[in-house]
*Asks:* 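This is the structure I have questions about; it appears just below.
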Amino acid sequence: MADKPFSVDLGRLKSREKDRSAAAVERVDRTGEELGFVDRDPVKRRGRKPSPRTGQVHAKVLPHVAEEIAAEARRRGVQQGVVLEEAWALYKSLESTAD
Amino acid sequence: MPTVVIASPKGGAGKSTAAIILGTELAHAGAAVTLLDCDPNRSLSLWASRGPLPSRITVLSDVGEGEIVRTIKRHDMDGQIVIVDLEGVASRLVSRAISQADLVITPMRATTLDATVGVRALQLIREEEEALDRRIPHAVVFTMTRAVRSRQHSGIETSLRDQSVDLIEPPLMERTAFSALFEFGGDLRSMPAQGNMAAAIGNAEDFARAVYARLTAEDA
């Protein structure tokens with residue numbers, strides 16, 4: 001170890017001008033690929049991401065509620081949307097009663 | 001301020017250890033240092049989580065190939081040294097980071113395998129210099145070396161010197177204190193004593209001085 005304590009003179013540290021244009025990056029990518037330095041980023045999953053709340057892609061309700069709606073729709077022989085529409089109509093009527 | 005890229009396509013060559021030693025020593029000497037953790041193994045982030053960060057050090061994690069160029073640009077400012085720790089594979093992230101470097105350091109254990117794989121980084125630098133029409137200063141540092149130099153080490157060193165490769169002296173020796181950085185975080189001065197601390201600090205400081213000399217050289 002040298003006797004004098006190591007200290008950095010910030011004024012002496014220089015950064016060189018670098019080409020950061022898209023064309024330069026493309027040239028660098030091509031150069032790297034020729035030597036086997038290829039894209040190794042994990043492949044991103046395409047499409048809509050699962051809802052953080054329900055863990056499902058399309059459902060808007062929790063799984064056990066979805067099952068109950070599906071069972072009720074099956075029992076009545078209607079589409080699930082019909083059950084939801086009726087539930088919404090009921091909600092609206094309750095809301096107007098509360099007003 | 002300069003960007004130092006630590007690159008080798010060989011895993012386990014000592015890249016993260018070299019990055020932390022360099023960053024903490026430069027920070028100790030008065031520089032503000034931003035460490036970019038571009039390794040999916042998140043070694044730098046692990047170190048940063050182990051203890052309080054030393055003064056003047058910032059760590060940014062999970063920098064991928066899509067962000068590397070603009071992240072370096074954002075932090076490449078007055079009064080700041082950027083150190084980029086890369087993953088130990090041949091990837092596009094590595095080639096993009098090298099394109100933004102003021103100095104590339106390739107850590108290399110003194111083994112034939114490390115030298116053979118590490119030389120691929122040197123080839124890439126030469127090709128990029130041609131593609132970008134600018135000189136990219138680069139150097140090799142031997143890591144995990146022993147007090148008694150092996151014949152293999154001497155042979156590899158001679159071969160690299162014959163190819164005009166810049167070798168950083170001193171090498172980073174195999175020291176308990178260096179590996180303990182990932183256990184305690186912080187720097188060599190803040191951790192509990194691990195082996196010969198004075199020798200470890202001396203080795204780290206001399207390595208940082210040697211890098212600083214390259215960063216401040218007239219033709220750098």
Side-chain angles (χ1 to χ4, degrees), chain A residues 1-67 69-70 80, chain B residues 1-3 9 25-32 40 64-66 69-70 72-73 76-82 87 89-96 98-102 120-121 123-124 127-128 130-137 198-199 201-206 208-209 212 215-217 220:
Chain A
M1 187 162 55
D3 293 336
K4 202 175 156 195
F6 176 38
S7 90
V8 167
D9 177 357
L10 296 176
R12 291 189 63 206
L13 289 168
K14 297 165 196 161
S15 175
R16 291 176 149 209
E17 192 60 40
K18 291 141 199 157
D19 190 349
R20 293 177 169 125
S21 64
V25 173
E26 202 184 313
R27 276 204 305 280
V28 165
D29 287 351
R30 216 170 31 243
T31 304
E33 274 166 24
E34 281 168 16
L35 292 170
F37 288 74
V38 294
D39 178 7
R40 294 187 200 272
D41 259 10
V43 177
K44 307 278 188 308
R45 201 179 144 196
R46 293 169 68 92
R48 183 173 164 174
K49 291 196 173 111
S51 155
R53 188 173 76 91
T54 65
Q56 292 173 301
V57 175
H58 295 296
K60 305 294 187 293
V61 293
L62 289 165
H64 72 280
V65 180
E67 280 163 22
I69 293 171
Q80 292 182 32
Chain B
M1 288 290 142
T3 297
E25 289 304 313
L26 288 172
H28 181 74
E65 70 171 50
V69 173
R70 64 172 177 271
I72 291 175
K73 182 185 175 190
D76 186 355
M77 58 181 77
D78 284 349
Q80 190 113 326
I81 294 177
V82 179
E87 53 189 336
V89 293
S91 69
R92 186 183 285 172
L93 176 61
V94 173
S95 54
R96 285 189 180 177
I98 286 173
S99 75
Q100 301 302 306
D102 291 286
R120 291 184 63 200
Q123 285 170 341
L124 176 63
E127 295 289 333
E128 288 200 26
E130 217 165 285
L132 295 169
D133 195 25
R134 80 168 178 101
R135 199 172 81 80
I136 304 173
I201 291 170
N203 187 183
E205 191 176 307
D206 289 346
R209 268 181 209 271
Y212 176 68
L215 294 175
T216 53

*Asks:* Can a donor-acceptor pair be found, under 3.5 Å and without considering hydrogens, that links the side chain of Y212(B) to the backbone of L13(A)?
*Replies:* no
*Asks:* With a 4.5 Å limit on heavy-atom distance, are the side chains of D39(A) and E65(B) in contact?
*Replies:* yes
*Asks:* Looking only at heavy atoms, which two atoms of V28(A) and S99(B) are closest? And how far apart?
*Replies:* CG2-CB, 3.5 Å
*Asks:* Calculate, to the nearest 0.5 Å, the distance between atoms CZ and OG1 belonging to R92(B) and T31(A) respectively.
*Replies:* 12.0 Å
*Asks:* Side chains of L93(B) and R40(A), heavy atoms from C-beta outward: is any pair under 4.5 Å?
*Replies:* no
*Asks:* Who wins among G64(B), A101(B), A208(B), G30(B) for the most heavy-atom pairs under 4.5 Å with chain A?
*Replies:* A208(B)
*Asks:* Counting only non-hydrogen atoms closer than 4.5 Å, does P40(B) touch chain A with its backbone (N, CA, C, O), its side chain (CB onward), both, or neither?
*Replies:* neither
*Asks:* As an exercise: rank E87(B), R120(B), E25(B) by heavy-atom pairs under 4.5 Å with chain A and give me the winner.
*Replies:* R120(B)
*Asks:* Quick one: does R20(A)'s side chain have a donor or acceptor within less than 3.5 Å of a partner on R70(B)'s backbone?
*Replies:* no
*Asks:* With rounding to the nearest 0.5 angstrom, report the CG to CG distance, D19(A) to D133(B).
*Replies:* 10.0 Å
*Asks:* Identify the heavy atoms of V25(A) and R96(B) that sit nearest to each other, and give their distance.
*Replies:* CG1-NE, 3.5 Å
*Asks:* Mind checking whether V69(B) and K18(A) have side chains closer than 4.5 Å, heavy atoms only?
*Replies:* no
*Asks:* Any non-hydrogen side-chain atom of H28(B) less than 4.5 Å from a side-chain atom of F6(A)?
*Replies:* no
*Asks:* For the residue pair P9(B) and F37(A), what are the closest heavy atoms and their distance?
*Replies:* CG-CZ, 4.1 Å
*Asks:* Nearest heavy-atom pair of L124(B) and L35(A): which atoms, and what distance?
*Replies:* CA-CD1, 3.5 Å
*Asks:* Where on E34(A) is there a heavy atom nearer than 4.5 Å to chain B: the side chain, the backbone, both, or neither?
*Replies:* neither
